[in-house]
Novice: 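Below is one structure. I have some questions about it.
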Amino acid sequence: MSSLAQPADGTDRPHRSEPVTTVGRATDEFPPEASVWPADLSRRDFLQVMAASIALAELSGCNRPPSKTIVPYVTAPERALADGPVYYATAMSWEGYGRGLLARSNSGRPTKLDGNPAHPESLGATDAITQAAVLSLYDPDRSKTPRYHGAPIDWAEFQEQWLTEHARLQANHGAGFAVLTEPTTSPTVTRMIHRLLDRFPSARWYQHTPLARYDRDGRQDDYDFTRADVILAIEADFLLQHPASLRYTRAFSGRRRIENGRVNANRLYVIEAGPTLTGSMADHRLPASPHHARRLLAAIENALDHRPIGNDLSAVEQRTVEALAADLQAKAPNVVCVAGVECDDDIRAWADAINVRLHADGVTWHSLPSVRSDPDRRCAGDLAAAVRAIHDGQIRTLIIAGCNPAYTAPADLQFATALEKVPLRIHLGTHVDETAVACDWHIPESHFLECWSDVRAYDGTASIIQPLISPLYASRSLEELLSFLNEPPGRDGYDLVRETWQANRPSADFEQTWNGWLNTGLVDGTQNSRSKPSPPARAVGLQTSTSAPAVTVLIRPDPTIRDGRWANNGWLQELPKQNSQMVWDNAMYVSLAFAERENLTNGDEVELRRGSDRLRAPAWIAPGLAADCVVIHLGYGRTRAGRVGDNRGFDAYRFRRSHRLWSDDLDHVAPAHGHGWLVSTQTHFTMEGRDIVRTASAADPAHTAGLRPRTEPSLYPDWSYPSYRWAMLIDLGTCIGCKACVLACQAENNIPVVGKDQVARGREMHWIRVDRYFEGDPQNPQVLHQPVPCMQCETAPCELVCPVAATVHSSEGLNDMVYNRCVGTRYCSNNCPYKVRRFNFLNFQPPKDSPLYLQKNPDVTVRARGVMEKCTYCVQRIDAGRITAEKANRRVRDGEIRTACQDACPAEAIVFGDLSDPQSLVSRRKREPTEYALLEELNTRPRTTYLARLRNQNPALVGHEVPVRPNDTTNHAARGPVRSYLAAPDA
Amino acid sequence: MTAPSRIVFEYAAHDDLVGALRRVRAEGYSHVEVYTPFPSDEIDEELPGPPTPVGAVMLLGGVIGGCGAYFMEWYAAHDYPYNSGGRPLNSWPAFIPVTFELTVLCSAIFGLLGLLWLCRLPRLDHPLFSLPQFIRASQDRFFLAIRTDDPRFTPLGLERLLEDSHPLSKQEVTS
Amino acid sequence: MPESRYNQPTVPPSAEPLVGPGETMERINATISRVPLTHPAPRFWWIGFGIAFVLVLVLLTAVSWLFLKGVGIWGINIPVAWGFAITNFVWWIGIGHAGTFISAFLLLLHQHWRTSINRMTEAMTLFAVACAGMFPLLHLGRPQYFYWLLPYPDTMGLWPQWRSPLVWDVFAVSTYFTVSLIFWYIGLIPDLAVMRDRAPTLLRRRIYGILSLGWRGDGRHWRHYEKAYLILAGLATPLVVSVHSVVGMDFAVAIVPGWHSTIFPPYFVAGAIFSGFAMVLTITIPLRAVYGLKHYITDRHLELMAKILMATGWIVAYGYFSEFFMAWISGDTFERYIPINRATGAYWPEYWTLVICNVLVPQALWWRRIRRTPALLFVISLLVNVGMWVERYVIVVTSLHRDFVPSSWGMFSGTRWDWATFIGSVGLFFALMYLFVRYIPSISITEMKRMVVTGEETE
């Protein structure tokens, strides 16, 4: 391992994963490890390496460094001991946009991804998808070898085939040659594509993405939420589903953090149809279909103009609109109006106009140059254009690289049938997916942790993606494939990326600059400067149609598996959806009103009708969803995703039309016969009037926060904790419920995936869960998020009922779980009022020969069947930190030890530290007036406590709304399915 | 020395035996044995011999068990001390149930062993078993046995004493 | 003056005799020992035993699968981490209580009528406790390490965690089993001697001979014997109370609403005796019919047991009531929610089943005619058995499935393996009972004879 830490010497080359007879590359004649790593890696060979890398975790010889030129993160955290894990700065692409990472490598195995604090679009935080990305590297279903019509072949055969094709194409300047990729921000990929187009002038390049395009005529919108006092979000989930969501979350939450009893809170108004995470954070939320939203916007405009706002709104809406308008004008220019990228152009234009009108442009609303290749002038168009070209017979050789159009194409394009017309189809992908099986040739694509590349973040910041491990299988990166197609046999990614930047930044000592980039994970000076947006050319009037459609269906990416690209990732499949707590499926989200009218319960089948199109799917009742809307999510119903992702949920693409990608009007929606099987980790969403999540008003936090934590008297003498007293504080005011912490914990602590059936039985294993409760009007409830890890109670009820002392208290106040002493009576779980304990009811670990073991954290036990487990405050990190400190003969510094959940949190809502130090951050935060302990009346004396959820309602609206307080009982009034949904869907 | 033999009288009824027993006791016989299918208070009152110490034995067992149990718990808690739910090491209220159970257990075991020891059981061979009718001692016959080493014993005197007590049979059993 | 003793009536004159007319010692010997020695009605026995044995095989299958796959084959989950196993455990322990209660408690209270049923009820106790003891082991996630709950010289110097009620259970149940066994065996010695002296074949004579330890009815032995037996009864009586109190504390010590209640120990003891007597009736009524023991287990015995059944039933009913009352008067949100949830929540059918079986049905026993009709009594006893099982199920499951934090509320339902294990344990219990009546006098010959002849009672 330590060899990796040595400074780079440019001469050495990263090896190739398979022996290739290279031309004119003497250095590669005998690839460094070709002998130990055959091209077609048999399971047995793989196992040997895997076993070795696990058994000899401490030895540096047992892993295969991708190259001596990768450089560890310079300012690695102290816990990165020489013989322990090593951290590398790299990056990954989130729908093309870069996010800086710190990747942990344990004896050569990438095991954990965290944010790179230096990276402006990561700020050290991550989202759930980033946390899960490492699992995909070890996905047993990954494509391992090139294929011809499904049959495994070796690379040489493909090379041979391509050489003839290459000659033919060169003869006719690439006529009939086309490349289909996703929009990319990678300078190298773009360069390679352009070079390909140079060599073959008649060749065409198409770009396809089923997801949002952030480009607007070469510009991207950008927002500064640190300065926004009032935010109006229209169908915009900028806290979760945006390339800059981490930066936005940090900024947004920063304005909701109580410090010394005060908070200068922003106020969030949300107009949206479906429930989103951003909507869940709203102080005032108006559910509205796209059509009704137009009415609301028009009303807002009228209110700003002090004109009558029109009477087609409900009383609550009218009041809210007026208050909102007043708020906007009062706080201008420190206000911002955000229209989601899925909105129609006229709505986005309206938002621009409002921002300009309120002089927010240049203050809170900015413009950045597009970093993704969507507007690239050399691009011949999108998938529709490609399909047209195919039908015109203009495409005879098609390269589909890194995307899966056979699955993600809108139904009306009928891409599959078109594809059949192409004589030669070549696919590059990580899996043998729907597109792969429709192509003649399939080439395995490398995971970003095993190949060289580069990527640019939303704000333009470029990062070099350096691999932590050389390819596990005979795979190619996109760059390498393009290079190969261009000039067989092609060159390897390392050279290509270096070349790009050498040309980009010619300098005398490029080597040093290069290493600097690898060290920090940033290419300095690549960040784009923000500019004042140019006002909209012409104020596009809102098309407000008086005749609203019967029903509007909104089509959205799945919160966890997006467009389906993460479908085979077990962690993401089992992560409760941020907007429903559902797992392993998508569903047809219907409104409470509709469910009441049709007397539906979760899982009842519902049918959408649009002309002759039909879509049947089980319904999920989504409180807060606009009454006349239905939301369906992409990414499910896959047939070639792999063993994890296949045949789950329904395929929403079948119902998608290329000209109505995000919302579509329906003729009819009606209950159909039949019942689907939907599973969620939480089945009860009211607090039953219990003091679970406390709410404080930003105006006067101290007053509304309720009782201060008190300690019940006890007959027993207190235990003293002379050394450290570890404790955690979770700020419900800033937490947005994104669940990054859940997967960070899963990755750090080797938590198994149990599958839909086991989750249905209530056996999910997450050590930290994010509960969500509804308060107030069931039709438009206030959503409350509450992350719940082990509370590490000082008088832990779980401990004294354990008959074998398998769970006892440590001298630093941790509630330790001794796995190998546990006999599995489960008494501790029964006696845990927070129900944070998890039990291995069956053997939940993957089969012995699974590559998934390569991801396991060597510092954490892999639990056996019949053993209880739970959150440990990441005790392995505490120990490592303590050891480091003791070696240096000092106490652990505040903030030196960070738990996995804390590391991941984009809102900095989780603080961990030492209570014995009154100046430690956690001690200071715990002194805030809104601090409280969950179920403190039980006198469990938890070390984990909370800051109350913060609400910043417009005083003009307080009291007019359904009152929201802990002792809310509104939901008991709800009838029929509403009650059954909100209060008792257990059965 | 050879063990003394017994003169065994067999009775059909419980009251006959009681009557016979009273007579021999009145005569001052001390080496008297009775064998009955069930325990009987009258017989027990007439029968010579000390009161049974089995109660003391069981008390001893109980004391040993109880003290031992609490000590074990106290010792274990201090021998391997740990913080369980913030409770003190010597959580005496929680130690009581086991203490009680072990008190009863030891007392009962002492009772069984004490009983066997006092009765000198198991003993599968006994001179009386050689007596054919003795097979009914457990069923419906009552036996009175006078040991020949009784200081007041004279064959003739015993004969006269019990001749009208309606014994079904009279045998001498030598051991 | 000892003479007076003879004129004392065996039982209060008003009452009818506890033994049929015309009984002699020999007739008692013959009738009772005929069952194990010559064993009439073998057809009935073989059918009954056959059915029970098939169920034992079911149990073995279920347990094998359990050890193969883990407790995940059951319906348990988070939050309901305890299910059938603990329900069965408590239920069986409860049934086991009638035996010692009858033989020890009633002995001290000079309840003469106990004589003809104590032997069988003690056997019932042993077998029920054996069934019960099985479940805490099976329900462990890692049953192979059950012995970690015992104090033994561990190489790591580890001990059981004495504050855990589960450790108390280990000691309470094992003590209860051992003491019951000793009590039962001491009572059996003289009868084994009878068997020895009546056995037709040499082999059986030898077996019974060895088991009877050479007992010969020596007057001085009887002296020790009586004393020991009496003190054992004195010990067993508080033991009975303690065992189910400890089982009740498994729940009462926990902070789970619906469990955390000081009334649990006495309430569990009453429930135990309630279910125990129900099971005694369930067994004795057919037994005395089949083996013609109506002279010894008379209708009056049945009536007396029926009365105790009703009395304990009322104590149990009071327990139910007090749960509501205490929840209400506590003013505690969580406590108040539980009884309401039990009565109206997802498990309302189970709850009302137990109310009907344990509270309403026993009220039929107010009528002498019903107490006197074995068939009806039999049905009632069956219903009470069902009711008591459901009661334990409701206590275990409904308290757990909705405790403090609503986000973690869930549901439980038994899988086929849950049921197989439970039915299997019933089979095991009855298989053991069949073997018992087949080889051991199911009524105390000695005490019957004593009652008939001297009119005395064992004290």
Side-chain angles (χ1 to χ4, degrees), chain A residues 581 681-692 758 761-764 769 771-773 786 788 797 799-806 808 821-831 833-844 864-868 934-935 937-938 940 984 986-987, chain C residues 69-82 136 139-146 148-149 156 158-170 250-251 253-257 259 332-334 337 345-346 396 399-413 415:
Chain A
Q581 302 288 66
T681 56
Q682 187 178 344
T683 55
H684 197 93
F685 294 89
T686 71
M687 290 193 284
E688 296 290 337
R690 302 177 178 190
D691 184 12
I692 306 291
Q758 291 297 308
R761 296 167 183 271
R763 299 173 179 177
E764 67 273 10
R769 62 175 196 265
D771 292 340
R772 65 202 311 262
Y773 296 103
Q786 183 176 42
V788 185
E799 287 176 359
L800 83 157
V801 297
C802 176
V804 292
V808 292
R821 175 68 174 172
C822 177
V823 294
T825 67
R826 304 180 297 287
Y827 200 174
C828 52
S829 171
N830 290 345
N831 213 29
Y834 311 96
K835 289 289 171 283
V836 293
R837 291 183 157 259
R838 298 288 176 253
F839 187 69
N840 292 271
F841 287 92
L842 300 165
N843 180 10
F844 289 140
R865 186 187 95 192
V867 169
M868 189 62 71
L934 186 55
L935 301 177
E937 63 270 40
L938 299 179
T940 50
D986 315 293
Chain C
K69 300 293 290 182
V71 289
I73 65 170
W74 293 344
I76 47 178
N77 55 42
I78 309 291
V80 189
W82 284 355
H139 104 298
L140 291 180
R142 304 201 292 174
Q144 67 271 35
Y145 298 128
F146 73 92
W148 288 356
L149 275 76
M156 308 257 213
L158 280 164
W159 294 82
Q161 206 277 94
W162 303 104
R163 298 166 193 85
S164 169
L166 291 186
V167 172
W168 306 348
D169 268 345
V170 172
D250 286 350
F251 302 97
V253 165
I255 63 174
V256 180
W259 284 8
D332 177 87
T333 322
F334 312 111
Y337 182 81
V396 171
S399 311
L400 287 174
H401 96 115
R402 292 191 159 193
D403 63 350
F404 295 95
V405 181
S407 72
S408 304
W409 289 0
M411 288 294 285
F412 170 89
S413 63
T415 64

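A note on names: the letters A, B, ... follow the listed sequences, proteins ahead of strands, and every chain is numbered from 1.
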Novice: Quick check: do A/Phe839 and C/Ile76 have side-chain heavy atoms less than 4.5 Å from each other?
Specialist: no

Novice: Let's test your reading of the structure: which of C/Leu166, C/Ile78, C/Asp332 forms the most heavy-atom pairs below 4.5 Å with chain A?
Specialist: C/Ile78

Novice: What option among C/Leu400, C/Asn77, C/Leu158 has the most heavy-atom pairs under 4.5 Å with chain A?
Specialist: C/Asn77

Novice: Under 4.5 Å, counting heavy-atom pairs only, tell me which of C/Thr333, C/Ile255, C/Val71 racks up the most with chain A.
Specialist: C/Ile255

Novice: Is it true that a side-chain atom of A/Arg761 and a backbone atom of C/Gly72 form a donor plus acceptor pair closer than 3.5 Å?
Specialist: no

Novice: Looking at A/Val801, A/Val804, A/Val823, A/Asp771, which has the largest count of heavy-atom pairs under 4.5 Å with chain C?
Specialist: A/Val823

Novice: Please state whether the side chain, the backbone, both or neither of A/Gln758 comes within less than 4.5 Å of a heavy atom of chain C.
Specialist: neither

Novice: Pick whichever of C/Ile73, C/Val253, C/Asp250 has the most heavy-atom pairs under 4.5 Å with chain A.
Specialist: C/Asp250

Novice: Based on non-hydrogen pairs under 4.5 Å, which of C/Ala254, C/Gly141, C/Pro165 is most in contact with chain A?
Specialist: C/Gly141

Novice: Check whether C/Trp159 gets within reach of chain A through its side chain, its backbone, both or neither, counting any heavy atom under 4.5 Å.
Specialist: backbone

Novice: I would like to know whether C/Phe404 and A/Ile692 meet side chain to side chain contact (heavy atoms under 4.5 Å, CB included); could you show each step before the answer?
Specialist: CA-CA 9 Å; C/Phe404 295 95; A/Ile692 306 291; over 6 Å; no

Novice: Which atoms of A/Pro797 are under 4.5 Å from chain C, going by heavy atoms: the side chain, the backbone, both sets, or neither?
Specialist: side chain

Novice: Just so I understand: if I count every heavy-atom pair under 4.5 Å between each of A/Ser829, A/Ala806, A/Pro803 and chain C, which residue has the most?
Specialist: A/Pro803

Novice: Check whether C/Phe412 gets within reach of chain A through its side chain, its backbone, both or neither, counting any heavy atom under 4.5 Å.
Specialist: neither

Novice: Are C/Trp82 and A/Tyr827 an aromatic pair, judged by ring center distance below 6.0 Å?
Specialist: yes

Novice: Could you go through the side chain to side chain contact (heavy atoms under 4.5 Å, CB included) check for A/Leu935 and C/Phe334 one step at a time?
Specialist: CA-CA 11 Å; A/Leu935 301 177; C/Phe334 312 111; 3.6 Å; yes

Novice: Does any part of the side chain of C/Ser407, heavy atoms only, come nearer than 4.5 Å to the side chain of A/Arg769, both counted from C-beta?
Specialist: yes

Novice: Using a cut-off of under 4.5 Å for heavy-atom pairs, which of C/Pro136, C/Gly75, C/Gly345, C/Ser408 has the most such pairs with chain A?
Specialist: C/Ser408

Novice: Need one label for A/Thr825: side chain, backbone, both or neither, based on atoms under 4.5 Å from any heavy atom in chain C.
Specialist: both

Novice: I would like to know whether A/His684 and C/Arg402 meet side chain to side chain contact (heavy atoms under 4.5 Å, CB included); could you show each step before the answer?
Specialist: CA-CA 10 Å; A/His684 197 93; C/Arg402 292 191 159 193; 3.7 Å; yes

Novice: Less than 4.5 Å to any heavy atom of chain C: does that hold for the side chain of A/Arg821, its backbone, both, or neither?
Specialist: both

